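Predicted model only: the values in this text are computed from it and were never measured. Quick note on labels: first sequence line is chain A, next is B, and so on, each numbered from 1.
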Amino acid sequence: MDFNFTREENEFREEVINWLKENLPHNISEKVRSYKRLSKEDYEIFMKKLSQKGWLAINWPVEYGGTGWSTIQKHIFEEEIVKANAPRIVPFGLNMLGPVLIEYGSKKQKEFYLPRILSCEDWWAQGYSEPGSGSDLASLKTIAIDKGDHYLVNGQKTWTTLGHFANKIFCLVKTNTKCKPQEGISFLLIDIKSSGVEVKPIITLDGEHEVNEVWFTDVKVPKENLLGEENKGWTYAKYLLTHERTGIAGVPYSKSAIEHLKKISSTIYNNGIPLIKDPIFSSQIAELEIDINAMEIFNLRTVSAASEGKAPAMESSLLKIKGSIIRQKTCDLLRKAIGPMALPYISEQFDEGWNEEPIGPEYVGKIAKQYFINRKISIYGGSNEIQKNIVAKSAFKL
Amino acid sequence: MDFNFTREENEFREEVINWLKENLPHNISEKVRSYKRLSKEDYEIFMKKLSQKGWLAINWPVEYGGTGWSTIQKHIFEEEIVKANAPRIVPFGLNMLGPVLIEYGSKKQKEFYLPRILSCEDWWAQGYSEPGSGSDLASLKTIAIDKGDHYLVNGQKTWTTLGHFANKIFCLVKTNTKCKPQEGISFLLIDIKSSGVEVKPIITLDGEHEVNEVWFTDVKVPKENLLGEENKGWTYAKYLLTHERTGIAGVPYSKSAIEHLKKISSTIYNNGIPLIKDPIFSSQIAELEIDINAMEIFNLRTVSAASEGKAPAMESSLLKIKGSIIRQKTCDLLRKAIGPMALPYISEQFDEGWNEEPIGPEYVGKIAKQYFINRKISIYGGSNEIQKNIVAKSAFKL
Amino acid sequence: MHFNLSEERQMLKDTIDRFLSDHYGKIKNHHENSKLIEGFNPKIWNESSSIGMISGLISPKYKGLGGTGEDIMIIFELIGKYLCVEPFLSTGVMSSTALSSCNINVEQLMDDIISGKKIISFAHSEVESRYDDSYINVKATQKDDFWYINGTKSFVLNGDQASVLLVSARINGDTLDENGIGIFKINSKDYEIRPYNTIDGYRASEITFNNVTASLMCKDEIAYNCILETNYAAALAVSSEAIGIMQKCFDLTVDYLKTRTQFGKTIGSFQALQHRMVDLMIEIEQAKSSVMLAAGTYESEKNIKYRNVSAAKNLIGRVGKLVAEECIQLHGGIGMTWEYNLQNYAKRLIMIDHLMGDSDHHIEKFKKFSKY
Amino acid sequence: MHFNLSEERQMLKDTIDRFLSDHYGKIKNHHENSKLIEGFNPKIWNESSSIGMISGLISPKYKGLGGTGEDIMIIFELIGKYLCVEPFLSTGVMSSTALSSCNINVEQLMDDIISGKKIISFAHSEVESRYDDSYINVKATQKDDFWYINGTKSFVLNGDQASVLLVSARINGDTLDENGIGIFKINSKDYEIRPYNTIDGYRASEITFNNVTASLMCKDEIAYNCILETNYAAALAVSSEAIGIMQKCFDLTVDYLKTRTQFGKTIGSFQALQHRMVDLMIEIEQAKSSVMLAAGTYESEKNIKYRNVSAAKNLIGRVGKLVAEECIQLHGGIGMTWEYNLQNYAKRLIMIDHLMGDSDHHIEKFKKFSKY
């Protein structure tokens with residue numbers, strides 16, 4: 001057991017910090033910091049820089065353009081990009097489709113798609129959930145009918161994050177309806193520009209547009225866009241969902257949020273005493289900080305076991321559950337800290353170029369919004385309830 | 001809506017208080033207060049006094065010797081006997097069997113048994129649970145075989161509270177095993193002195209003997225001891241379990257416990273400050289007090305609706321769940337309050353006549369024991385999990 | 001002791017319920033309201049006056065028809081049920097309470113409130129005051145016979161529609177002193193106003209005074225007492241509102257659990273979700289009971305009144321958060337969308353914890369008034 | 001950064017596990033131990049010395065073979081797993097830490113500890129001290145060249161078997177002063193002792209001193225630091241012990257859920273119970289992680305060391321309560337019985353919150369050492 005980073009790891013951290021200082025444009029990190037709406041270009045500028053440096057595909061093997069980093073290195077990298085207020089690395093192509101393509105794609109598909117992900121030429125969206133199939137993914141209804149050289153796709157996907165920026169979407173579709181649901185699913189790569197595809201915004205409770213519905217009406221998808229074998233899509237889908245993800249607990253976000261919380265708690269006064277000295281409020285912060293510190297070790301234990309080849313299937317569910325609760329709790333204490341300053345909702349404040357005087361300190365504007373939108377963390381990517389079902393099944397064999 | 005007691009209700013309370021002052025023997029209330037072990041006689045002395053006064057059977061109709069009190073009066077009475085440190089009124093004959101007898105018993109049974117309950121000649125025990133059937137009561141295995149003029153009973157009951165004081169036990173037994181479990185159950189009244197009945201102590205985690213196993217080996221039970229009809233026992237059993245019980249939330253106990261907690265918290269110092277002034281600890285007390293105050297209203301709302309004839313089936317489950325959690329929480333804060341003084345366990349301290357110096361104030365000796373033993377409140381009488389199932393079924397029709 | 005409504009109150013409740021149902025039943029989603037420039041619908045406000053919904057909040061002493069804790073509870077529970085955005089809180093409860101606590105003749109203003117003629121806002125909070133009743137930096141200075149107000153008030157509910165402002169200002173002493181406060185009336189519109197929507201779809205303003213003429217209503221003990229009375233009346237009102245909201249969140253969730261199917265079953269058939277719903281049910285009943293206690297003892301002496309309102313507001317803060325978060329979670333994705341009405345209820349429920357003191361604030365108050 | 005045990009430590013762990021399994025495997029129920037007059041089995045204690053279980057708690061500086069945070073964690077997790085009642089805490093951790101913090105020559109006493117020859121108790125708590133490190137009313141007075149101790153110490157772990165006592169006593173100052181404290185050694189048995197079992201089946205004593213001769217080990221800053229070091233070492237030890245206990249409670253409960261049937265199914269097939277087990281699993285992993293952090297940084301500078309131990313002890317208090325209460329609840333009636341071993345684990349787990357500061361105490365310490 002050794003809780004110190006090695007010299008090499010510390011040097012790596014330095015390298016990341018320095019690179020970010022030089023390459024992450026200040027106007028973009030400022031937008032992230034102040035919670036402004038990001039344009040497609042904002043994401044791409046940063047990802048292209050990472051790509052040039054060779055740091056974009058941290059979970060791919062070196063031969064395909066990956067970094068070959070250890071899990072500790074990935075952890076350090078993820079921590080530093082959050083600290084630096086970088087835009088998040090859009091995961092759909094890199095961390096979701098990429099590994100599936102590498103494992104199951106044809107040589108031709110790999111040669112075509114992987115470089116386009118690395119170059120940011122393709123922006124992928126994820127077509128898994130449907131209005132009628134959330135937790136019960138296998139019950140999906142989108143259908144692809146074999147028309148010889150192509151499939152004819154009809155149906156609807158939903159919760160498609162940043163789908164309005166995407167030019168491609170990978171979809172689970174039904175290619176056989178006469179068997180067990182899991183056995184009739186195929187994995188298709190679809191061009192969003194195809195005729196019959198329509199992307200419609202979903203506005204979330206914070207008033208923002210990040211997710212979408214994607215409708216398919218008689219969309220022709222060439223057969224060569226089938227990934228792997230027909231009716232084997234469920235295997236690929238599960239591979240994608242369980243593929244090792246160091247970041248699942250969101251520890252860097254929680255750490256950065258609690259630092260922010262402690263900082264503002266020394267400037268907000270309650271009955272003449274700063275909140276960080278208020279016995280009740282400071283104890284709530286402290287308990288949360290203790291939880292986060294424990295979570296960080298829990299996360300590192302898991303990823304380092306994974307890097308030694310121990311399968312972390314169940315642990316990643318545990319990390320997802322507790323990580324989401326902790327992140328939500330940081331948002332909760334932030335909203336409590338600012339008291340009535342949480343009330344004003346000035347939507348324009350989050351547009352680029354808005355420079356009126358905010359109400360209260362600049363940071364308060366985003367806090368209530370963040371609290372509300374981050375309720376999603378325990379819902380998306382397999383809700384906490386589903387994760388618990390998975391754990392119960394695999395851990396207790398109950 | 002009116003939150004004041006009427007003049008009549010206040011006068012009634014005075015009457016109860018005064019009666020208790022004069023009739024509850026001081027040595028008994030002292031034993032209850034200091035958590036000493038009670039003898040069978042201690043219970044009986046008090047119950048006989050109540051019986052003489054006509055106050056023993058508060059849930060029976062007047063014609064059978066009940067009080068005819070309103071629910072508010074019952075509430076006041078229950079509150080005052082707790083405040084006065086009276087032994088609890090042993091409920092098995094009075095509140096469990098009594099109402100069932102009155103509703104379903106034969107004229108002869110009523111005439112024989114009810115007066116014996118009122119006079120304390122009979123001490124009833126409850127024979128419901130079995131080792132294999134806790135929550136799933138209908139799966140009971142104790143069997144009664146028809147032998148013409150009597151049943152031959154074999155099997156085992158468990159968790160029989162104060163069974164070692166009882167001379168009678170009412171039991172659910174199987175009289176038909178070839179049908180749905182619920183349809184083959186009968187309700188028998190059994191003399192514990194019968195040959196073949198054996199009562200064995202169960203020691204609980206606090207080291208005390210309050211509950212028992214009761215074993216039946218070829219016990220002959222006269223047919224006249226069948227209550228109601230053969231194979232209809234499930235109906236009577238359910239009637240017993242759902243029969244209105246004003247006391248299910250245990251509010252008087254919680255109120256008395258929080259008063260005690262507040263009192264001792266002004267004498268125990270933490271870092272030089274009494275706990276009642278400690279910001280963290282006092283907030284925990286306050287939240288609990290708020291919960292108890294709300295629970296009291298919730299309880300009164302329910303019992304007063306019940307007295308107007310509105311059926312409280314689901315509400316009594318809600319009261320049972322929350323009432324048990326709150327009572328357990330009072331025990332939890334009491335144990336926290338006394339810190340390391342919770343450690344010593346001097347069993348003799350709870351015997352009558354022990355008069356050595358206690359370690360720390362006299363009241364600390366019982367607190368950890370109470371905390372542990374009161375974990376039972378959320379388990380017995382239908383665990384909180386079972387209560388939730390009942391509510392879900394009746395409230396949501398899910 | 002009994003827990004039933006009197007016949008008159010039951011009638012008032014039924015009338016208001018029908019009235020709000022008629023008007024709000026047509027609105028599919030609460031956020032349609034928040035797009036209104038005024039922040040509310042003046043037509044509904046005027047009609048609410050004629051059915052006695054405003055006078056129900058005001059004591060017969062001022063020609064109202066109610067004004068007890070129980071009245072506030074009944075009316076605000078319905079306001080919560082329909083997420084009614086009209087200025088019942090700012091004008092009907094806060095300003096009427098402030099006026100009646102000033103110990104001067106306020107009959108004309110009360111008449112104007114009851115008749116729905118005037119919106120009056122109580123401007124007390126400042127951007128840094130958090131929930132402190134005595135935190136006041138806005139200054140009042142006297143020159144000749146006139147009073148002048150300087151400084152900025154924040155979070156003034158319905159401030160942009162108000163024709164009269166009641167403003168707390170410091171005549172002397174330090175920021176947090178309970179003494180040296182005055183309550184002033186401002187009739188003019190000679191101030192800078194910055195109106196905005198709140199995140200839960202209501203309307204508030206930041207108002208800056210530069211030497212604005214004002215008339216003194218009361219000061220010192222009376223003024224501090226006026227602030228306390230006003231904040232506590234508002235705390236009872238929003239706690240009651242929360243009860244209506246929580247019940248609605250619960251009902252929406254039960255409906256959803258019954259209709260949504262996954263894995264071939266309604267999700268309501270999953271035991272883990274059922275047990276959580278029962279927990280919610282219990283906590284909502286507890287919160288309801290706590291508000292009933294506060295409402296039913298609202299006419300008692302101040303220590304009891306404040307103690308019980310603080311208890312209710314504390315419990316509402318705790319339970320409200322649980323209900324909002326659990327109901328969204330149990331809905332899954334749909335609960336996160338703007339189009340589905342649950343989010344409006346959930347947002348209001350959470351933001352009620354940001355009005356008139358959050359759960360932590362009121363636990364301290366509860367301890368204070370319980371003499372811990 | 002890595003989280004594996006070194007080969008030597010893994011061997012030590014395996015050896016101790018086998019040793020305790022051999023001895024404790026025969027004991028069906030922990031309360032059989034607590035009936036022992038001595039409060040523990042001297043045979044096990046002596047043998048534990050020969051396999052290096054005591055020396056594993058002590059630094060090579062004193063001829064021990066361990067004594068790091070990691071060693072304490074490994075050994076005490078196993079002590080928890082078997083509910084081992086021998087005086088590893090009182091003698092192996094507390095007294096050895098106290099001795100090594102006195103800044104004087106203590107080699108002989110350390111030898112006697114490592115060899116299992118002597119039980120030494122650290123007598124610091126008093127009946128009213130609760131968890132305050134500096135609360136000391138027992139008085140030390142000097143006459144000629146001798147020190148005399150007067151007063152009563154409470155909750156002295158293994159006090160009745162100890163041949164040496166290390167006693168904190170006040171030389172001057174007020175009850176709570178950090179200064180003016182001395183640590184004294186008492187070799188005689190010239191004191192009144194009242195031994196008792198604790199509710200979790202361990203052994204402690206109340207000890208009253210009437211002019212008992214003592215020798216001064218250290219005083220003032222060194223003495224206060226000695227108390228802190230000792231209490232923090234003990235806090236790490238019992239936190240680690242709690243990890244072993246929680247895992248055992250969890251395992252017992254999983255087994256029970258798999259075998260107990262109701263309504264024709266194992267109760268483990270009920271989703272509501274499954275989800276609660278997952279919650280426990282998560283919290284146990286969190287607690288484990290927190291103890292690992294404390295153990296892994298135990299050799300850091302004091303602020304970090306104390307901060308992380310306080311964090312662990314706080315989380316252990318919170319999670320321990322959850323685990324104890326949930327495991328009993330999920331067992332139902334059987335979990336309440338003396339005969340079933342779960343109750344012993346649950347009771348010890350709860351009582352660990354009463355040793356060396358509860359969760360509230362350590363949240364304050366955490367804030368202090370984190371410079372909130």
Side-chain angles (χ1 to χ4, degrees), chain B residues 129 131-139 158-159 202-209 211 267-272 275 278 280-281 284 328 332 335-347 356-357 359-361 364 368-369 371-373 375-376 378-380 383-386 388-389 392, chain D residues 31 34 125 127-132 134-135 154-155 157 175-176 194 196-202 204 206 260-264 267 270 272-273 317 321 324-325 328-340 342-344 346-347 350-351 353-361 363-364:
Chain B
S129 293
S133 71
S135 305
D136 181 12
L137 192 54
S139 71
T158 193
W159 311 125
I202 297 173
I203 307 302
T204 41
L205 79 179
D206 57 344
E208 297 295 328
H209 171 208
V211 290
T267 64
I268 299 174
Y269 283 71
N270 189 45
N271 259 309
L275 281 175
D278 179 274
I280 301 292
F281 198 79
Q284 294 172 19
Q328 291 174 333
D332 187 48
R335 84 162 171 86
K336 284 186 72 171
I338 61 171
M341 293 190 288
L343 291 166
Y345 175 64
I346 301 170
S347 179
E356 289 175 42
E357 192 70 3
I359 293 175
V364 303
K369 275 181 75 172
Y371 165 78
F372 287 112
I373 192 62
R375 301 311 309 167
K376 74 183 175 187
S378 50
I379 295 173
Y380 65 30
S383 71
N384 284 5
E385 290 73 22
I386 290 296
K388 287 183 188 180
N389 287 348
Chain D
H31 69 78
S34 60
S125 285
V127 74
E128 294 193 323
S129 65
R130 213 157 182 271
Y131 307 120
D132 293 339
S134 63
Y135 185 109
S154 272
F155 325 118
L157 303 179
T175 307
L176 280 163
R194 183 182 182 187
Y196 51 82
N197 286 341
T198 59
I199 190 154
D200 49 349
Y202 293 76
E206 188 164 71
R260 171 81 171 171
T261 59
Q262 293 282 272
F263 306 105
I267 59 174
F270 291 102
L273 309 193
K321 178 174 137 65
E325 294 182 350
I328 290 176
Q329 182 71 25
L330 292 167
H331 270 85
I334 188 79
M336 295 292 300
T337 62
W338 188 262
E339 285 308 314
Y340 186 69
L342 174 71
Q343 62 104 355
N344 294 300
K347 273 151 69 176
I350 292 295
M351 296 323 287
D353 196 38
H354 292 256
L355 290 171
M356 315 304 150
D358 67 2
S359 49
D360 290 346
H361 174 84
I363 203 82
E364 292 304 321

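A salt bridge is absent between Arg194(D) and Glu357(B): the closest approach of a Lys/Arg side-chain nitrogen to an acidic carboxylate oxygen does not fall below 4.0 angstrom. Salt bridge absent: Asp353(D) and Lys321(D) never bring a charged side-chain N and a carboxylate O closer than 4.0 Å.
Neither the backbone nor the side chain of Leu342(D) comes within less than 4.5 Å of any heavy atom of chain B. The part of Asp332(B) that comes within reach of chain D is its side chain, from C-beta onward, which places non-hydrogen atoms under 4.5 angstrom from that chain. Only the side chain of Phe155(D) comes within less than 4.5 Å of a heavy atom in chain B; its backbone stays farther off. Neither the backbone nor the side chain of Leu137(B) comes within less than 4.5 Å of any heavy atom in chain D. Heavy-atom distances place no part of Pro361(B) under 4.5 Å from chain D, backbone and side chain included. Interface remark: Ser125(D) contributes no atoms to any contact with chain B (heavy atom separation under 4.5 Å). Using a 4.5 Å cut-off between heavy atoms, Ser359(D) touches chain B through its side chain atoms alone. Only the side chain of Ile268(B) has a heavy atom closer than 4.5 Å to any heavy atom of chain D. In this structure, chain B has a heavy atom under 4.5 Å from the side chain of Glu206(D), while its backbone stays farther away. Contacts between Tyr380(B) and chain D at a heavy-atom distance below 4.5 Å are absent for every atom of the residue. Contact annotation for Lys388(B): neither backbone nor side-chain heavy atoms come within less than 4.5 Å of a heavy atom of chain D. The parts of Ile203(B) that come within reach of chain D are both its backbone and its side chain, each placing non-hydrogen atoms under 4.5 angstrom from that chain. If you measure heavy-atom distances from Leu343(B) to chain D, the contacts under 4.5 Å come from both the backbone and the side chain. Contact of Gln328(B) with chain D is not made at all, since no heavy-atom distance falls under 4.5 Å. Only the backbone of Ala346(D) comes within contact range of chain B, with at least one heavy atom under 4.5 Å from a heavy atom of that chain.
Surrounding CD of Glu128(D) are at most 12 heavy atoms belonging to other residues, nucleotides or ligands under 6.0 Å away.
The shortest heavy-atom contact between Arg130(D) and Tyr269(B) is CD-O, 3.7 Å. The two residues Met336(D) and Phe372(B) make their nearest non-hydrogen contact at CE-O, 3.6 Å.
No donor-acceptor distance shorter than 3.5 angstrom exists from the side chain of His354(D) to the backbone of Pro340(B), with no hydrogens or angles considered. No donor-acceptor pair under 3.5 Å is formed between the side chain of Ser129(D) and the backbone N or O of Asp132(D). Proximity of a side-chain donor or acceptor of Gln262(D) to a complementary backbone N or O of Ile267(D) within less than 3.5 Å is not detected.
Each of Asp206(B), Ile280(B), Asn271(B), Val211(B) has some count of heavy-atom pairs under 4.5 Å with chain D, and the biggest count is that of Asn271(B). Here Gly134(B) is the residue among Ser139(B), Ser383(B), Gly134(B) with the most heavy-atom pairs under 4.5 Å with chain D. Of the listed residues (Ile359(B), Leu205(B), Thr158(B)), the one with the most heavy-atom contacts under 4.5 Å to chain D is Leu205(B). Most heavy-atom pairs under 4.5 Å with chain D: of the set Ser135(B), Ser347(B), Gly360(B), this distinction falls to Ser135(B). Your options are Ser378(B), Gly207(B), Ser129(B), and the one with the most heavy-atom pairs under 4.5 Å with chain D is Ser378(B).
How far CZ of Arg335(B) is from CD1 of Ile199(D): 11.5 Å, rounded to the nearest 0.5 Å. The distance from the OH atom of Tyr135(D) to the CG atom of Leu176(D) is 7.0 Å, given to the nearest 0.5 Å. Considering CG of Asp136(B) and OG1 of Thr261(D), their distance stands at 8.0 Å, rounded to 0.5 Å. Between the NZ atom in Lys347(D) and the OH atom in Tyr202(D) there is a gap of 11.0 Å [rounded to 0.5 Å].
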